[in-house]
**Student:** 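One structure, pasted below without further comment.
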2 protein chains.
Amino acid sequence: MPKQTFLNLDESKRKLITDAFLREFATKPFDVASLTVVVKKIGIAKGSIYQYFEDKLDLFLYLVGVCSTTKFKYIGHIERKDYPDFWFYFRALYEHGVQFDLENPLQSQFLFQLMENLHSPSIKHLYQEMLEQSVAGFEEMVKHEVAIGLFRKDIPIQVMGFMLYKVGVSIQEHLIQFRVINPKISIEKNIPIYKGKKDKLMLTVDHYIQLVKPSFDKKSNQ
Amino acid sequence: MPKQTFLNLDESKRKLITDAFLREFATKPFDVASLTVVVKKIGIAKGSIYQYFEDKLDLFLYLVGVCSTTKFKYIGHIERKDYPDFWFYFRALYEHGVQFDLENPLQSQFLFQLMENLHSPSIKHLYQEMLEQSVAGFEEMVKHEVAIGLFRKDIPIQVMGFMLYKVGVSIQEHLIQFRVINPKISIEKNIPIYKGKKDKLMLTVDHYIQLVKPSFDKKSNQ
DNA sequence: TATCTTTATGACCAGGTAGTCATACTTAGA
DNA sequence: TCTAAGTATGACTACCTGGTCATAAAGATA
């Protein structure tokens, strides 16, 4: 948790600091990201950081918190019950995710790279924790779909949950792989990852849904 | 490429060095792995490393080469044409992959963590390159299956190829996630990742095949 | 204006890194 | 046994990191 000193700062300075570190941590793994470089870039003293935060990890966790909170405002209200089947719901999550990205590019990019940048040995436990949480979330979704008879039940929940999680991740990675989006350049130029690419994203989402739907949906004759 | 000096070394010393660095790079990202630590551990001078290799990257690439060559001996002879459908072929790759692991634990573990440990900024290009190659390989497979009418053709090849690649990766990650295997501990104790777990691995492979088969296979009425 | 509290600073510390290089040691051949 | 080529060494450089802390500056209160 940030110290009181940081919270007392006026918003513009808080934003200056937050944004600068979001940028750093969005580009480099935790262990490689350098506080020294960032403070030089924004022209504040190294010592100040330690008036604001306990240590590097404290700062990092603060950023995670900020971004998660923001994103939740965009997708927190989306509920499964408002959609006829899981895939409409799944699709909606992406649609509102784009909105989050367009309006909060830096935060979006930070979250985008989060899992990747957590691969540093010194915070391995955090990675494990977050992955576990994500996977558990998808497992819950699958469990529900199986319960209401929309998803097949001949495959272990864990397998379906994990695969679904992977599908979610793969869509974004696909767009990077095939040069539709370029997070690195987006961060440099400070433009939203999906700016002008919402259509292409949703088309890809649809392709993936079309592809994996038969894997999850219960066959009509079962 | 290693320098001649390294190649002149007698095998036992070469193996000592190779194994020690495989261990280091199997545990830590490229940028975090420390040559200094390794040379201390095996009791040779830091300078010696630079008599053997150009630099850290040269050493790393040597390790990649060694492991790839070994693994190829195990799965290079497996050909699609020897199997009735893609999924038997896919399954066979895993089966022989286990054999490679059991007989070359260290190399297996190094390759296992390779993609993950390539996330270091200083070798981002290498990551990109290898990913590209892997994905291209899976795309070729898909293309072939579509051509012979076994895979559906209503989804872009790129999407199917990338998804298939992800399925391959996901199986291993699944086993970590659900504590069936534990590469980190295996490396510490120097035992094969899949020792005594071949059955569980193949069961999981079968689950994933069973799950994703309907996504890829052409429907009989199409 | 004088006092007290909060905030900002940057030199400094201990510890780490990849890579260099002159020197010493080994080995092989004559 | 002497020489020459190959191999091993570790102190050293230049540079980086996260984190500390006494001190200075700024703000608020009276």
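Letters A, B, ... are given to chains in the order of the sequence lines, protein chains preceding strands, and every chain is numbered from 1.
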**Student:** For residues 54-65 of chain B, which residues have at least one heavy atom under 4.0 Å from DNA chain C?
**Tutor:** D55(B), K56(B)
**Student:** Tell me which pairs pass side-chain hydrogen bond (donor to acceptor under 3.5 Å, both in side chains) where either residue lies in residues 43-59 of chain B, with sequence neighbours left out.
**Tutor:** T36(B)-K46(B)
**Student:** Which residues pass the side-chain hydrogen bond (donor to acceptor under 3.5 Å, both in side chains) test with K197(B), not counting sequence neighbours?
**Tutor:** none
**Student:** With the side chain counted from C-beta on, respond yes when S215(B) and M163(B) share a heavy-atom pair under 4.5 Å apart, and no when they do not.
**Tutor:** no
**Student:** Identify, residue by residue, the members of residues 3-22 of chain B with a heavy atom below 4.0 Å from DNA chain D, and return them in order of residue number, or none.
**Tutor:** T5(B), N8(B), L9(B), K13(B)
**Student:** Identify which one of Q172(A), Q109(A), K184(A) satisfies the side-chain contact (heavy atoms from CB on, under 4.5 Å) criterion when paired with I193(A).
**Tutor:** Q109(A)
**Student:** Using a cut-off of 4.0 Å on non-hydrogen atoms, how would the nucleic acid contact of F53(B) be classed: base, sugar-phosphate, or nothing?
**Tutor:** nothing
**Student:** Are F60(A) and F110(A), when compared by the centres of their aromatic rings, separated by less than 6.0 Å?
**Tutor:** yes
**Student:** First and last nucleotide of DNA chain D touching chain A, 5' to 3', heavy-atom cut-off 4.0 Å?
**Tutor:** dT17(D) to dC21(D)
**Student:** Any chance you could measure L9(B), atom CG, to L16(B), atom CG, to the nearest 0.5 Å?
**Tutor:** 9.5 Å
**Student:** For E145(A), check side-chain hydrogen bond (donor to acceptor under 3.5 Å, both in side chains) against everything at least two apart and list the hits.
**Tutor:** R80(A)
**Student:** How close do M130(B) and L114(B) get, counting heavy atoms only, and between which atoms?
**Tutor:** SD-CD2, 3.8 Å
**Student:** Given the side-chain rings of F6(A) and Y62(A), with only the six-membered ring counted for Trp, is the space between their centroids under 6.0 Å?
**Tutor:** yes
**Student:** Walk along DNA chain C from 5' to 3' and tell me the first and last nucleotide with an atom closer than 4.0 Å to a non-hydrogen atom of chain B.
**Tutor:** dT17(C) to dC21(C)
**Student:** Taking salt bridge (Lys or Arg N to Asp or Glu O under 4.0 Å) as the definition, give me every residue that meets it alongside K3(A), ordered by chain and number, with sequence neighbours left out.
**Tutor:** none
**Student:** Please enumerate all residues that pass side-chain hydrogen bond (donor to acceptor under 3.5 Å, both in side chains) together with Y74(A), with sequence neighbours excluded.
**Tutor:** E103(A), N104(A)
**Student:** Could I get the full list of side-chain hydrogen bond (donor to acceptor under 3.5 Å, both in side chains) partners for E139(A), not counting sequence neighbours?
**Tutor:** none
**Student:** State whether the number of non-hydrogen atoms from other residues, nucleotides or ligands found under 6.0 Å of F72(B) atom CZ is greater than 12.
**Tutor:** no
**Student:** Among residues 37-51 of chain A, which residues get a heavy atom nearer than 4.0 Å to DNA chain D?
**Tutor:** V37(A), K46(A), G47(A), Y50(A)
**Student:** Toward the 5' end of DNA chain D, which comes first, A33(A) or Y52(B), by nearest nucleotide?
**Tutor:** Y52(B)
**Student:** In terms of the angle between their ring planes, are Y89(B) and F86(B) parallel, tilted or perpendicular, with boundaries placed at 30° and 60°?
**Tutor:** perpendicular
**Student:** Filter on side-chain hydrogen bond (donor to acceptor under 3.5 Å, both in side chains), then keep only pairs touching residues 14-29 of chain B, sequence neighbours left out; what's left?
**Tutor:** K15(B)-D19(B), R23(B)-N190(B), E24(B)-K28(B)
